Amino acid sequence: MAISMYQASVPQLKKMLVNLTTILTKAEEHAAAKGIDGKVLVEARLFPDMFPLAKQVQIACDQVKFGLARLASVEAPKFDDTESTLAQLKERIAKTIAFMDSIKPEQIDGTEAKEIKFSIKEWSFEFVGEQYVLTWVIPNFYFHVTTAYNILRHNGVELGKADYLG
């Protein structure tokens, strides 16, 4: 039996956003215990040409909200990308999960062959639904969640694989 588009995407994306919230909570606790301004972690990056933690979380959320909105043919919520605290990043995740919860399986299932076209800056992309979820949304989402985890781990937050996997 083939897995549905909804089941192939929404449950795992939601689980990882919940895990990311837990990771950010551990970052808050770490900052408080060490007397570190949480803004240091929010602005931390692994290398100068990489995005900081805040942008990693923002993009992970954007992959979910735009991905599901495109598949379900609904408007994605607008977020201002102004988060500057760990608490604000957690709020963004919560808003993303609330949007996910508004999407019903029947809005996603059956979109395997749906044409998905969009542009980011000067690049244009064309996919069909299944290809879009499996080769764009999920890999990009995991890249940014993993990078967020790595930024925090690199900065001394005591995290392990169990925190990532939930």
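Because only heavy atoms are used, hydrogens play no part in the values below, and waters and symmetry mates are left out as well, while side chains stay in. This chain uses plain numbering: 1 for the first residue, then up along the sequence. Predicted model, so just to flag it, every value in this text is computed and none were measured.
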What's the spacing between [X] [atom1] and [Y] [atom2] if we round to 0.5 Å?
X      : Y      : atom1 : atom2 : value
Asn155 : Glu43  : CG    : CD    : 11.5 Å
Asp163 : Leu20  : CG    : CG    : 11.5 Å
Thr96  : Asp101 : OG1   : CG    : 11.0 Å
Asn19  : Leu159 : CG    : CG    : 11.5 Å
Phe66  : Glu75  : CZ    : CD    : 8.5 Å
Lys78  : Lys95  : NZ    : NZ    : 13.0 Å

Between [X] and [Y], which heavy-atom pair has the shortest distance, and what is it?
X     : Y      : answer
Ala27 : Leu41  : O-CD1, 3.7 Å
Gln7  : Ser4   : N-OG, 3.1 Å
Met5  : Thr111 : CE-OG1, 3.5 Å
Leu68 : Ser9   : CD2-OG, 4.4 Å
His30 : Val157 : CD2-CG2, 3.7 Å

Self-check item: From CA spacing to verdict: side chain to side chain contact (heavy atoms under 4.5 Å, CB included), Glu158, Lys26
Solution: CA-CA 8 Å; Glu158 292 184 25; Lys26 285 193 167 194; over 6 Å; no
Donor-acceptor check, side chain of [X] to backbone of [Y], threshold 3.5 angstrom: yes or no?
X      : Y      : answer
Gln131 : Phe127 : no
Lys65  : Pro77  : yes
Asp109 : Tyr6   : yes
Lys14  : Ile97  : no
Lys90  : Thr85  : no

pair [X]-[Y]: side-chain heavy atoms closer than 4.5 Å:
X      : Y      : answer
Gln63  : Trp136 : yes
Lys114 : Ile116 : yes
Ile93  : Cys61  : yes
Leu71  : Val137 : no
Met16  : Tyr164 : yes
Leu17  : Phe141 : yes
Val57  : Glu83  : no

Practice problem: Evaluate the side chain to side chain contact (heavy atoms under 4.5 Å, CB included) criterion for residues Val133 and Ile138: first the C-alpha distance (whole Å), next the side-chain angles of each, then the deciding distance (0.1 Å), finally the verdict. | Solution: CA-CA 6 Å; Val133 167; Ile138 291 172; 3.7 Å; yes
Would a single hydrophobic cluster contain both [Y] and [X], if residues Ile, Leu, Val, Met, Phe, Trp and Tyr are joined by side-chain heavy-atom contacts under 4.5 Å?
X      : Y      : answer
Ile59  : Val42  : no
Leu46  : Phe143 : no
Phe125 : Val128 : no
Met50  : Leu53  : yes
Val145 : Leu165 : yes

With a 6.0 Å cut-off (strictly less than), is the heavy-atom count around [atom1] of [X], excluding the residue itself, greater than 12?
X      : atom1 : answer
Glu115 : CD    : no
Lys39  : NZ    : no
Lys34  : NZ    : no
Glu130 : CD    : no

Quiz prompt | Ring-ring centroid check Phe118 Tyr132, cutoff 6.0 Å | solution = yes
Quiz item: Taking Asp62 as the fixed residue, which of His144, Arg92, Lys55 is the one that meets the side chain to side chain contact (heavy atoms under 4.5 Å, CB included) rule?
Solution: Arg92
Quiz item: When you look at Phe51 and Thr147, which way does the side chain to side chain contact (heavy atoms under 4.5 Å, CB included) test go after all the steps?
Solution: CA-CA 9 Å; Phe51 289 130; Thr147 303; over 6 Å; no
Quiz item: Can you list the steps and then say if Leu152 with Leu24 is a side chain to side chain contact (heavy atoms under 4.5 Å, CB included)?
Solution: CA-CA 8 Å; Leu152 293 171; Leu24 292 174; 4.0 Å; yes
